[in-house]
Every structure is written in C-alpha cells, then in structure tokens.
Amino acid sequence: MGAVTLRVGDLDGMIRYYRDGVTLELLSHDGPVAVLGRGTTPLLILEHAPELKHASPSSAGLFHTAVLFDTRTALATAVYSIAAKYPGLFTGSSDHLVSEAFYFNDPEGNGVELYFDRDRSKWSWVHGQVEMSTIFLDPNQYLREHLTEAGAEAAATGTGLGDAVIGHVHLSVGDVESAREFYVNRLGFEQTTTYGNQALFVSAGGYHHHMAMNTWNSRGAGRRQLALGLGKVEIVVPTADDLGELGERMSHHQVPTRDDGRTLAFDDPWSNLVEVRAAE
C-alpha cells in the first residue's frame, strides 16, 4: 500500500497529531499540502480543504488507515505517544491472532490503527482463508511489556522508533457483495477472510489483508459526496507490466480509468478514489 490522502479542515492541527502523536515525520509542507511518513517514504498526505464539511457518520469512506510498525517497541512508543498527548482519542485494542492492534480517532474523526504483525509462521490458513479474531489486548500491560526507556524518551519528542509503513486501508462501504465484485473480481485482490455479509478482507501475496471493507456504520450507503476525510488510496504494484495488465483488466470490466502514463486512477462503487502506480 502507498500513501493515504486525507482532506482536512485544520491542517496545522492534523500535522501536530500525526507528527507529535503518531510519531510520523513531516517530510514536506508546501502551502495547503503536507506529507508525513518515515525516512523518505510518504505514508500520509494531508490536503487543506477548509471549505468542505464532514460527511455523515453513515456514509461510505475511510474506516481507518493502518500504520504497521516493524517492532513491538516501535508500536508501543507510538501508542504511548498518542496516549500521553491525545488521551481522549483511544477507541480500543485487539489481538487479531495475525497482529496486535491499537485503535484511535484523529482530531477530525478519521480512524487510525497502529499495529504490529506476528510472524507469518504463526498465521493459520484454512482453505485459503486466514484465521483472525478480536481478543481483548490490555494496552497498559502492552506498554509495561514493550515500552522501553528509549521509547518513552522518543515519544516525549514525537520522534518515534523503528520503521513504519501503511500496512492496510479499511473502508466503509454500502455492501460487501459490491465490494467483492470490485476489489476481488475486477481489481484482482484475493479474498482472505469475511465476516458474513458485514466485512471483507483482501490482499495480494499471501498477506492477511491489504484492504478491508465493512458495512458496520454504512450499510446501504451510496456514492460519496465531496467532503472532508478520505481523498485517495494509493496502491503500489511491482512492475509497469503489472500496471498495464491492470489497465487492460479494468477496461475489460468497463471501469472508467484515468491513465497519465505513470498512474492508473479510478473510483470504486462508492466514489473512493484509488490510484495505482508501479514500484519500478
């Protein structure tokens, strides 16, 4: 997964949250656009759009952006950082068997997941479906076990530890069947698990999920109107040939696309903008 773009009302406030709270680095800030990430890798693009309003909580759009950390210590550092600076925005934590996850809202109500993956050898697959669960994960115990003195010092300055990437993006959609038709049958992800007609998890390359779609808040939602929140989801494929094949497949399925020679962009059934580029 590439960077996630958010349209925001308070650019300075959102920069502070993701930099000082989530411990991402401010890579660039050019007028109304700020890019945050780790190292040289953009993870989040914030676009200032104060003229827009918040969408209804029951509309389609972003459920959460999930930031994957490379160690438990790095995850604990980020969790501690947000807890110390934004104590009212924690929404829960879970052991998902494949991962350990902590959930928050940012100051404008966008969902945020911070997580660490267990080793793939510990994932359980049955008939092509990965076993996932939602088991309570005690955040205080997690911090006692994994927050180091260096992590606490890093959190105090908002610098963070280790590496981080966008692990997956979770969307709110109107119905799961339309999501499966678009993201599996047309876009080409593989289904990894489902929760009945409520949620769908998909991935490439045997990951537990690169994207997910659920109807928990948005069942029956139609196409999105222009609003604050999700602006774009970026997907990175390995080669230009993969990008070309995707363009042919989307054309075959009569999905309107915009191709500028470097990226292929299209809307899903709820007007969530997806942009795909090649890594090379």
Side-chain angles (χ1 to χ4, degrees), residues 1-57 59-68 78 82 85-86 89 104-114 158 160 164-173 210-213 217-218 221-236 256-278:
M1 301 303 294
V4 172
T5 299
L6 298 179
R7 301 187 192 100
V8 304
D10 178 3
L11 181 59
D12 290 339
M14 292 287 273
I15 289 173
R16 285 193 296 271
Y17 175 81
Y18 284 101
R19 180 192 62 199
D20 303 338
V22 181
T23 70
L24 301 182
E25 301 163 14
L26 182 60
L27 304 183
S28 67
H29 185 184
D30 184 10
V33 179
V35 180
L36 296 103
R38 282 286 180 91
T40 59
T41 304
L43 303 186
L44 198 68
I45 300 170
L46 304 179
E47 296 182 346
H48 195 207
E51 73 282 2
L52 298 181
K53 297 180 178 180
H54 291 281
S56 163
S59 67
L62 183 69
F63 189 69
H64 62 237
T65 301
V67 180
L68 171 63
I82 298 183
K85 297 161 192 168
Y86 295 89
L89 297 180
F104 305 85
N105 285 329
D106 72 17
E108 297 195 2
N110 300 294
V112 180
E113 176 183 341
L114 309 181
V165 297
I166 296 296
H168 63 268
V169 178
H170 199 143
L171 302 177
S172 295
V173 299
H210 286 110
M211 295 193 72
M213 307 91 203
N217 301 320
S218 55
R223 298 184 72 85
R224 297 174 60 203
Q225 303 299 310
L226 189 61
L228 294 173
L230 181 64
K232 182 174 66 179
V233 174
E234 184 183 65
I235 297 172
V236 183
T257 61
R258 284 86 73 193
D259 185 349
D260 65 5
R262 297 176 296 105
T263 62
L264 191 68
F266 42 84
D267 294 331
D268 79 0
W270 299 275
S271 297
N272 296 304
L273 175 60
V274 179
E275 185 176 276
V276 186
R277 64 174 175 86

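Positions are given from 1 along the sequence.
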Looking at A60 and A221, what are the two nearest heavy atoms and their distance? N-CB, 3.7 Å

What's the spacing between L36 CG and T41 OG1 if we round to 0.5 Å? 13.0 Å

Which residues share a side-chain contact (heavy atoms from CB on, under 4.5 Å) with A66, sequence neighbours left out: H64, E113, Y115, H168

Which residues pass the side-chain hydrogen bond (donor to acceptor under 3.5 Å, both in side chains) test with R224, sequence neighbours left out? N272

With D30, which residues qualify under salt bridge (charged side-chain N to carboxylate O under 4.0 Å, His left out), at least two apart? none

Holding to side-chain hydrogen bond (donor to acceptor under 3.5 Å, both in side chains), I want the full list of residues that pass it with K85, two or more places apart in sequence or in another chain. S81

With sequence neighbours excluded, residues passing side-chain contact (heavy atoms from CB on, under 4.5 Å) with L226: R7, L52

Sorted by chain and number, sequence neighbours left out, side-chain hydrogen bond (donor to acceptor under 3.5 Å, both in side chains) with T257 holds for none

F63: which residues meet the ring pair (Phe, Tyr, Trp, His ring centres under 6.0 Å) condition with it, sequence neighbours left out? H170, W216

Please check if the distance between the ring centroids of Y86 and Y17 is under 6.0 Å. yes

N/O donor-acceptor pair under 3.5 Å between H29 side chain and G31 backbone: yes

Atom pair CG/CE of L171 and M211 - distance to nearest 0.5 Å: 4.0 Å

Nearest non-hydrogen partners of E108 and V8, listed with the distance: OE1-CA, 3.3 Å

Enumerate donor-acceptor pairs with a distance under 3.5 Å from any side-chain N or O in residues 21-28 to protein atoms, sequence neighbours excluded.
residue	atom	partner	partner atom	Å
T23	OG1	R38	NH2	2.8
E25	OE1	G39	N	3.2

Would you please name every residue forming a side-chain hydrogen bond (donor to acceptor under 3.5 Å, both in side chains) with D106, sequence neighbours left out? Y18, N110

Donor-acceptor pairs under 3.5 Å, side chain of residues 227-236 to any protein atom, not counting sequence neighbours: which ones?
residue	atom	partner	partner atom	Å
K232	NZ	E275	OE2	3.3
E234	OE1	A3	N	3.1
E234	OE2	R277	NE	3.1

Non-neighbouring partners of D267 that pass side-chain contact (heavy atoms from CB on, under 4.5 Å), sequence neighbours left out: R223, R258, L273

Could you tell me if the side chain of I166 sits less than 4.5 Å from the side chain of L44, heavy atoms only? no

Name all residues meeting the side-chain contact (heavy atoms from CB on, under 4.5 Å) criterion together with H48; count only those two or more places apart in sequence or in a different chain, and write none if there are none. L11, P32, P50

Do the side chain of E47 and the main chain of T5 share a donor and acceptor less than 3.5 angstrom apart? no

